[in-house]
Amino acid sequence: MNSFPWLTTLWLAPAIGAGVVLVVPAARRTVARGIAFVVSIGVLALAVVLAVRFQPGGAQYQFVESHEWIPAFGVGYTLGLDGIATALVLLTAVLVPLLILAGWHDDTATGDGRKTTHIYMALMLLVEAMVLISFLALDILLFYVFFEAMLIPMYFLIGGFGTRTTDAAVRAQRSRAAVKFLLYNLFGGLIMLAAVIGLYVLTAQAGLGEGSAGTFDLRVVVAAANNGELGGSTAVLNALFLGFMFAFAVKAPLWPLHTWLPDAAVSATPSSAVLMMAVVDKVGTFGMLRYCLLLFPLASDTFAPLVITLAVIGILYGALLAIGQTDVMRLIAYTSISHFGFIILGIFAMTSQSQSGATLYMVNHGLSTAALFLIAGFLVSRRGTRMIAEYGGVQKVAPVLAGTFFIAGLATLSLPGLAPFVSEFLVLIGTFPKYQVAAVIATGALVLAAIYVLWLYQRLMTGPLKKGNEHLRDLVPRELAVVVPLLVALLVLGFYPKPILDLVDPAVGHTLSTIGKHDPAPTVPAPEAGAATPPAGGHK
């Protein structure tokens with residue numbers, strides 16, 4: 001136990017900040033923005049302090065806080081931080097102030113001129129709070145509550161704050177996208193709720209709680225599951241795994257449960273879309289690591305080939321559909337489906353390199369997607385259209401915008417020297433020893449990524465200056481303040497990913513040892529018959 005509630009403070013700060021912003025009068029828009037930004041910077045500072053104080057070689061869960069919540073049902077308010085959660089907490093804390101800055105003028109909810117800046121900023125902070133507690137929760141029911149609750153503010157961000165327009169058809173499309181997002185994720189969450197209840201019944205039958213009650217304490221249930229004390233038939237455990245996995249696969253999203261993502265991404269503001277793709281969706285892949293694998297090790301092993309097959313399909317599907325898009329924002333949304341396929345592939349390959357690469361990929365994808373999507377959003381806000389065909393020659397009038405877009409695009413295609421290359425490389429080399437065919441097929445996406453990124457840049461930025469683009473402004477200081485930190489982070493982590501890997505490697509090692517997985521031993525081809533064998537310690 002810690003004397004100071006660091007983790008509670010971490011997630012409560014943006015939640016309280018959201019309440020403060022919400023009571024700011026609608027006319028005081030600058031005040032609302034300023035408060036939200038200051039709160040998000042405070043959360044970032046606290047996250048950095050926790051990351052610095054976190055000891056990668058220490059206890060698995062640190063800064064643990066545990067209090068009774070509903071003792072009759074074995075529910076507790078239990079928080080803890082491991083290396084994987086620390087990396088994702090840092091990603092969230094870094095991105096939110098940048099997204100608030102990027103969405104400084106995203107304040108028209110209804111299209112009729114009413115300003116609702118305070119509501120928009122409050123919703124952004126509320127999503128941050130719910131994502132943070134999801135990464136911190138060590139109680140399964142506590143995690144589930146916020147896993148579902150974050151859908152509500154995200155729904156209003158998508159449906160209420162999209163493209164500024166008075167066009168009823170566009171606004172109706174935005175509402176449909178928000179409802180689709182909510183229905184898909186709520187359905188997944190309801191399936192997970194059934195699995196959570198089923199798991200609780202098993203803990204009660206196994207006597208893991210006090211008296212006749214079960215328990216939702218993740219640490220207790222994981223220990224029982226991996227010691228054979230949880231009980232339940234193979235069929236029951238497989239069904240519970242699928243219940244958790246379905247919800248996480250919807251949120252991640254994994255093909256073919258992905259169809260809500262492109263519509264939601266293009267209907268929301270760029271900042272809201274990045275919050276969804278780079279932050280909220282990471283709760284899905286995080287859940288696969290912390291809950292699916294640790295709670296159901298045998299079921300995870302059983303279904304790993306199926307999940308890996310779906311992940312590889314998603315990698316190629318997302319890349320191929322990105323190539324064919326005519327809408328720049330929808331194109332970038334499809335690239336995220338491909339990238340999430342790599343993350344899930346790394347998780348279920350279950351080697352130390354693949355899972356470390358997958359966790360690093362979560363961080364790197366958040367940075368690269370944020371950079372590319374926000375720069376594209378800045379461009380679209382100037383021109384007023386998402387259609388790629390309407391652009392051309394932009395680099396002649398906005399060279400800084402074009403240059404930063406090019407660097408972000410190169411990061412998206414995993415160019416060596418930029419952060420996503422390291423994570424993608426680790427995923428592939430970690431997958432190959434166990435799933436050679438999947439790794440080889442996934443490698444083909446590297447070529448497809450080069451096609452959709454470079455062709456997009458060519459159509460948008462090069463060639464003759466098309467009519468209507470003559471007066472496009474270059475990036476202004478506020479936009480540079482958003483973009484430059486993201487590009488710097490992509491460059492630094494591209495050459496020096498050690499700080500993040502030092503955080504996640506021990507946690508990955510603990511996960512694999514808990515579920516009884518070990519890296520396959522390297523194989524050396526047997527020497528051909530008659531071939532001389534070099535002496536030990538020498539060379540032939």
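Any value given below was found using the heavy atoms of this structure, including those in side chains, with hydrogens, waters and symmetry copies removed. If you read the sequence from its start, that first residue is 1, and numbering goes on from there.
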Validation row: Y291, M192 side chains within 4.5 angstrom (heavy atoms) | no
Flag side-chain contact, heavy atom, 4.5 Å: V250 against I191 | no
Are any side-chain N or O atoms of T359 and backbone N or O atoms of I84, one a donor and one an acceptor, separated by less than 3.5 Å?
-> no
How many angstroms lie between atom CG of L136 and atom CG of L142, to the nearest 0.5 angstrom?
-> 9.5 Å
Side chain to side chain, I344 and T285, heavy atoms closer than 4.5 Å = yes
If you measure from CG on L293 to CZ on F244, what distance do you get to the nearest 0.5 Å?
-> 13.0 Å
Nearest-0.5 Å distance that lies between atom CG in L98 and atom CG in L275 = 12.0 Å
More than 12 foreign heavy atoms under 6.0 Å from CZ of F425: is that the case here?
-> no
To the nearest 0.5 Å, atom CG of N238 lies from atom CG of L298 at 8.5 Å
Does a side-chain heavy-atom distance below 4.5 Å link Q325 with Y452?
-> no
Passing option when S352 is tested against L512, L426, T511 for side chain to side chain contact (heavy atoms under 4.5 Å, CB included) | L512
Test side chain to side chain contact (heavy atoms under 4.5 Å, CB included) on H339 and T412 and set out the steps.
-> CA-CA 9 Å; H339 295 151; T412 299; 3.4 Å; yes
How about H510 and D82: do any of their side-chain heavy atoms sit closer than 4.5 Å?
-> no
Closest non-hydrogen contact found for C292 with S300 is O-OG, 2.9 Å
Between E65 and T8, is any side-chain donor less than 3.5 angstrom from a side-chain acceptor?
-> yes
Taking it one step at a time, do Y317 and H258 satisfy ring-ring contact (aromatic ring centres under 6.0 Å, His included)?
-> CA-CA 11 Å; Y317 172 88; H258 66 282; 4.8 Å; yes
Please examine the side chains of F147 and K251, heavy atoms only from C-beta on, and report whether any two atoms are closer than 4.5 Å.
-> yes
Backbone N or O of L138 within a donor-acceptor pair of the R290 side chain at under 3.5 Å?
-> no
Identify the two heavy atoms, one from G189 and one from E148, that lie closest to each other, and give their separation to 0.1 Å.
-> CA-OE1, 3.3 Å
Do M329 and P270 come close enough that some side-chain heavy atom pair is under 4.5 Å?
-> yes
Going by the angle between their ring planes, with limits at 30° and 60°, are W6 and F63 parallel, tilted or perpendicular?
-> perpendicular
Specify the closest pair of heavy atoms between Q62 and Q55, including all atoms of both residues, with the distance to one decimal.
-> NE2-O, 2.5 Å
Where the side chain of N226 meets the backbone of L294, is there a donor-acceptor pair that is under 3.5 Å apart?
-> yes
Looking at OH of Y61 and OG1 of T78, how far apart are the two atoms once the value is rounded to the nearest 0.5 Å?
-> 11.5 Å
Minimal non-hydrogen separation, A51 against L90, with atom names = CB-CD1, 3.7 Å
After noting the C-alpha distance and the side-chain angles of L50 and V89, does the key distance pass the side chain to side chain contact (heavy atoms under 4.5 Å, CB included) rule?
-> CA-CA 10 Å; L50 287 170; V89 164; 5.7 Å; no
Considering only heavy atoms from C-beta outward, does the side chain of R330 approach that of D263 to under 4.5 Å?
-> yes
Would you please test L237 and L295 for side chain to side chain contact (heavy atoms under 4.5 Å, CB included) and show each step?
-> CA-CA 9 Å; L237 293 175; L295 292 173; over 6 Å; no
Euclidean distance, T369 OG1 relative to L486 CG, rounded to 0.5 Å = 10.5 Å
Which of L157, V96, V279 passes side chain to side chain contact (heavy atoms under 4.5 Å, CB included) with V127? It is L157
Does the side chain to side chain contact (heavy atoms under 4.5 Å, CB included) test come out yes or no for I407 and L490, once each step is laid out?
-> CA-CA 9 Å; I407 296 172; L490 290 170; 5.9 Å; no
Quick one: which residue pairs count as a salt bridge (charged side-chain N to carboxylate O under 4.0 Å, His left out) with a foot in residues 490-501, not counting sequence neighbours?
-> K498-D502
Taking S368 for its side chain and A411 for its backbone only, find out whether a donor-acceptor pair lies under 3.5 Å.
-> no
Can W260 and F181 be said to form a ring-ring contact (aromatic ring centres under 6.0 Å, His included), step by step?
-> CA-CA 5 Å; W260 61 268; F181 159 83; 5.4 Å; yes
Between Y361 and F342, how do the two ring planes meet: parallel, tilted or perpendicular, split at 30° and 60°?
-> parallel
Is a side-chain N or O of S271 found less than 3.5 angstrom from the main chain of L99, in a donor-acceptor match?
-> yes
H365 to K282 - nearest heavy-atom pair and separation = ND1-NZ, 2.8 Å
For L202 and V236 the tightest heavy-atom approach is CD1-CG1, 4.2 Å
